[in-house]
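Input: a single structure, listed below in structure tokens.
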Amino acid sequence: VSRGLGDVYKRQIIIIEIKMKTKLIESLDFTEEEYNEKTAGEDIASFNEFIDAVIAFVEQSGGTLEDAIVMANEAYYQL
């Protein structure tokens with residue numbers, strides 16, 4: 001089965017996003033459990049939604065993994 005370059009490119013982007021998400025989560029000042037405890041009973045995004053939103057914002061603004069780490073940590077401490 002022949003696959004177009006577009007399919008290969010899309011798969012590579014997905015792999016990069018998964019790696020970025022993993023590295024971001026590993027680099028945070030807080031854990032998923034701490035996030036969930038801090039936001040319990042609040043109408044706030046789940047941990048995964050929060051991480052996905054940070055990554056989407058940083059990607060759209062041309063930022064780096066380091067930008068995502070800083071942004072996520074600052075947002076967490078402001079909760």
Side-chain angles (χ1 to χ4, degrees):
V1 175
S2 176
R3 290 191 172 97
L5 288 176
D7 290 339
V8 172
Y9 179 74
K10 287 176 190 174
R11 267 191 259 109
Q12 288 176 333
I13 294 298
I14 290 168
I15 290 168
I16 290 168
E17 287 177 356
I18 291 170
K19 287 182 179 180
M20 182 176 186
K21 185 173 184 174
T22 300
K23 288 184 185 255
L24 172 59
I25 291 169
E26 291 172 350
S27 302
L28 294 173
D29 290 346
F30 58 95
T31 65
E32 180 175 357
E33 292 77 24
E34 290 169 327
Y35 178 89
N36 291 338
E37 287 174 16
K38 196 167 191 176
T39 60
E42 302 287 331
D43 188 22
I44 293 179
S46 71
F47 181 78
N48 282 326
E49 292 169 338
F50 171 74
I51 297 299
D52 290 344
V54 169
I55 290 171
F57 181 83
V58 169
E59 285 179 342
Q60 289 173 1
S61 62
T64 64
L65 173 62
E66 290 74 23
D67 295 327
I69 294 166
V70 170
M71 181 181 180
N73 284 332
E74 287 179 357
Y76 172 77
Y77 290 121
Q78 292 177 14
L79 291 175

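- A chain of hydrophobic side-chain contacts below 4.5 Å, direct or via other Ile, Leu, Val, Met, Phe, Trp or Tyr residues, connects F57 to I44.
- Atom NZ of K23 is separated from atom CD1 of I69 by 9.5 Å, given to the nearest 0.5 angstrom.
- Here the CG-CG distance, from D67 to L24, works out to 11.0 Å after rounding to the nearest 0.5 Å.
- N73 places a side-chain N or O within donor-acceptor distance of the main-chain N or O of D29, the cut-off being under 3.5 Å.
- Between V54 and Y76 there is no side-chain heavy-atom pair separated by less than 4.5 Å.
- V58 is listed as a side-chain neighbour of M20, based on a closest heavy-atom distance under 4.5 Å.
- Connection of V8 to I15 is not established within any shared hydrophobic cluster, with ILVMFWY side chains joined at heavy-atom distances below 4.5 Å, either directly or through further cluster members.
- The shortest side-chain heavy-atom distance between I55 and K21 falls under the 4.5 Å cut-off.
- Atom-to-atom distance recorded for F47:CZ and T39:OG1 is 10.0 Å, nearest 0.5 angstrom.
- Crowding of Y9 atom OH: a count of heavy atoms from other residues, nucleotides or ligands under 6.0 Å not exceeding 12.
- Between F30 and F50, the two ring planes are tilted [angle within 30° to 60°].
- Interatomic distance, OG1 of T22 versus NZ of K19, reported as 9.5 Å (0.5 Å rounding).
- Considering every non-hydrogen atom in both A72 and L28, the closest pair reads CB-CD2, 3.5 Å.
- The environment of NZ in K38 is crowded: more than 12 heavy-atom neighbours from other residues, nucleotides or ligands sit within 6.0 Å.
- For the atom pair E17 CD and E59 CD, the distance stands at 4.5 Å (nearest 0.5 Å).
- In terms of modelled atom types and a separation under 3.5 Å, the side chain of D52 and the main chain of E49 share no donor-acceptor contact.
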